[in-house]
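Heads up: the structure comes next, in structure tokens.
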Amino acid sequence: MNIDFLARRKALLAQVLEDSVIVLASSSPKVRNSDADFPYRQDSSFFYLSGFSEPDSLLVLRPSAKEDQFVMFCRDRDPVREQWDGFRAGQEGAVSKFGADKAYSYSDVNELMPKLMDGAKNVYYSMSSPNGIEAPLSDWITTIRGKTREGSVAPQNLLSLDLMLHEMRLKKSSDEIAIMKKAGSITTDAHIRAMESVRPGMYEYQLEAEYLHTFMQGGARHPAYNSIVGGGNNACILHYVENNALLNDGDLVLVDAGCEYEHYASDVTRTFPVNGKFTEEQKAVYEVVLEAHRQSMAEVKPGNKWNSPHDKSVEVITDGLNDLGLLKGNNDYTKFYMHRVGHWIGMDVHDVGNYKVDGEWRDLEPGMVMTIEPGIYILDSLEGVDDKWKGIGIRVEDDVLVTEDGFEILTPDAPREVADIEHLMNS
Ligand code: GLY
Ligand code: MN
Ligand code: MN
């Protein structure tokens with residue numbers, strides 16, 4: 001997909017105050033242990049505006065400057081380092097491939113940034129993901145201030161870029177939606193493959209392997225977040241990531257896994273029986289979650305508030321738990337359902353964008369994408385619950401676009417009805 005990064009930069013610059021400099025830093029590589037790093041992932045906003053995925057980079061936009069309005073700092077070409085660590089675009093590539101008007105070596109950033117900021121009244125940066133820019137920014141301003149008798153003028157205002165940039169990222173374009181659908185379809189393939197291959201006696205991580213295999217075969221190099229593969233009671237641990245227990249006959253397995261495709265996340269949860277057949281109790285709880293999923297999703301439409309789907313999920317789950325005799329008249333559903341029904345999703349799995357505006361839950365608008373993921377979790381250790389329900393943990397999650405007149409599921413084809421799951425698992 002061809003993303004128009006220049007158009008994004010222009011749209012951002014149309015919103016900033018006059019006499020401004022915008023500074024965004026790349027994210028840093030993260031050490032896993034000793035000489036081994038986690039896979040590098042560029043900061044989402046940095047990539048959103050540049051398409052540039054190298055560390056040690058700085059993006060500088062100077063809309064009021066007479067020349068060099070888009071400046072990039074990046075790593076130098078270096079045959080030895082490139083032989084060891086991989087290709088670098090270098091300053092020439094930053095100009096020719098990424099559209100910078102001027103590119104400099106990252107090693108010159110402290111010398112040159114005070115000059116590039118000199119005379120600008122406002123400096124914008126991302127307060128929510130500064131990527132270590134705050135201290136150098138302050139040093140650069142101090143350097144400018146130290147030269148006032150030579151005619152330098154230090155910036156007056158440090159401003160947050162977040163509201164403008166996050167609102168842009170929150171409303172997805174048709175190209176972004178196409179990428180998210182592709183991410184969703186690879187993730188769907190993975191859930192289908194997992195349902196087809198799970199067997200009692202497998203380890204949770206062996207089921208996880210089916211997901212990673214399908215993601216990569218489908219063209220997605222990385223998962224969007226650490227996969228949660230929890231059998232039985234482990235399904236009740238919301239952020240379970242050990243994934244190292246045996247999957248037992250008679251248990252459900254909850255898998256919350258999604259790939260990242262071209263820097264966009266998918267986030268899908270399916271819960272299915274390890275042996276291919278739901279028990280009566282598992283099915284009864286599953287149907288409550290699925291009904292909450294259906295009815296919450298129906299609340300996704302322009303003009304409804306962000307909170308409408310969540311409120312609906314609470315209503316349906318509370319009614320369902322009462323019908324099953326699990327609440328016994330008190331309506332404290334939070335022992336069974338302790339998270340919200342969803343979150344924004346985009347380049348980050350928990351994407352940017354405010355949920356309230358002026359103190360009120362915001363209106364849903366076309367182009368926003370959110371998850372719908374109600375769940376019921378009945379821990380083994382939960383007191384006052386009949387044993388037959390214990391160790392059942394269920395979540396059903398899909399990625400949902402707000403359209404002009406309602407919603408569209410971006411992950412429509414991952415089986416979620418009991419009959420469809422059982423049919424797939426036993427055919
Ligand atoms: N996979 C993280 C979440 O569902 O929010
Ligand atoms: Mn999830
Ligand atoms: Mn989610």
Side-chain angles (χ1 to χ4, degrees), residues 38 41 44 169-170 172 180-181 183-192 194-195 204-205 207-208 210-212 214-215 220 222-231 234-243 252-261 263-272 286 289-290 292-294 296-297 299-300 306-307 309-310 312-314 317 334 336-355 364 368-377 393-402 407-416:
F38 286 107
R41 167 58 155 76
S44 293
R169 282 179 52 191
L170 176 59
K172 274 69 177 176
M180 292 188 75
K181 283 185 177 173
S185 96
I186 298 168
T187 295
T188 297
D189 289 345
H191 277 290
I192 290 172
M195 288 177 193
E204 292 163 342
Y205 56 77
L207 190 58
E208 181 183 8
E210 302 293 346
Y211 285 83
L212 299 180
T214 314
F215 292 170
H222 298 286
Y225 53 92
N226 290 329
S227 309
I228 296 167
V229 184
N234 293 339
C236 302
I237 316 290
L238 299 179
H239 289 165
Y240 178 75
V241 288
E242 280 88 352
N243 298 357
L252 293 175
V253 58
L254 179 156
V255 184
D256 183 342
C259 72
E260 178 175 289
Y261 183 75
H263 288 81
Y264 285 81
S266 55
D267 181 9
V268 178
T269 307
R270 288 293 180 268
T271 310
F272 43 97
Y286 190 94
V289 175
L290 196 58
H293 183 273
R294 264 187 224 114
S296 301
M297 211 153 49
E299 294 295 316
V300 177
W306 158 258
N307 212 35
H310 180 71
K312 182 57 76 177
S313 72
V314 167
I317 285 177
T334 59
F336 301 94
Y337 175 41
M338 60 296 283
H339 57 76
R340 297 193 63 85
V341 85
H343 49 82
W344 304 132
I345 178 168
M347 296 185 78
D348 295 317
V349 63
H350 292 177
D351 208 26
V352 294
N354 287 338
Y355 292 95
L364 297 176
M368 295 172 169
V369 184
M370 61 191 293
T371 63
I372 292 291
E373 50 177 305
I376 293 179
Y377 313 93
I394 295 169
R395 178 163 65 253
V396 178
E397 174 175 29
D398 285 286
D399 305 339
V400 180
L401 166 71
V402 186
F407 68 89
E408 179 183 355
I409 309 180
L410 300 184
T411 47
D413 298 326
R416 64 179 86 68

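Start at 1 with the first residue, then count along the sequence. Note that ligands are numbered from 1 as they come in the structure, with each ligand's atoms numbered from 1 the same way. As a basis for the values below, the full set of heavy atoms in this structure was taken, side chains included, without hydrogen atoms, waters or symmetry mates.
Ligand 1 lies under 4.0 Å from heavy atoms of Tyr225, Asp256, Asp267, His343, His350, Glu373, Glu397.
Salt-bridge formation is not detected for the pair Arg416/Glu397: no Lys NZ or Arg NE/NH1/NH2 atom is positioned less than 4.0 Å from an Asp or Glu carboxylate oxygen. Using a cutoff of 4.0 Å between basic side-chain nitrogens and carboxylate oxygens, Asp256 and Arg270 are not scored as salt-bridged.
Contact record, Trp306 with Pro309: O-CD, 3.2 Å, taken as the closest heavy-atom pair. When all heavy atoms of Ile409 and Pro412 are compared, the closest pair comes out as O-CD, 3.5 Å.
Take the Mn ion (ligand 3) and draw a sphere of radius 2.8 Å; the protein N/O/S atoms inside it number 4.
Counting only N and O atoms by type, the side chains of Tyr240 and Asn234 include a donor and acceptor under 3.5 Å apart. One side chain, His293 or Asp398, offers a donor N or O that lies under 3.5 Å from an acceptor on the other. For the residue pair Tyr225 and Glu260, no side-chain donor N or O sits within less than 3.5 Å of a side-chain acceptor on the partner.
Between the Thr371 side chain and the His343 main chain, a donor and an acceptor come within less than 3.5 Å of each other. Between the side chain of Asn243 and the main chain of Ser227, a donor-acceptor pair closer than 3.5 Å is present.
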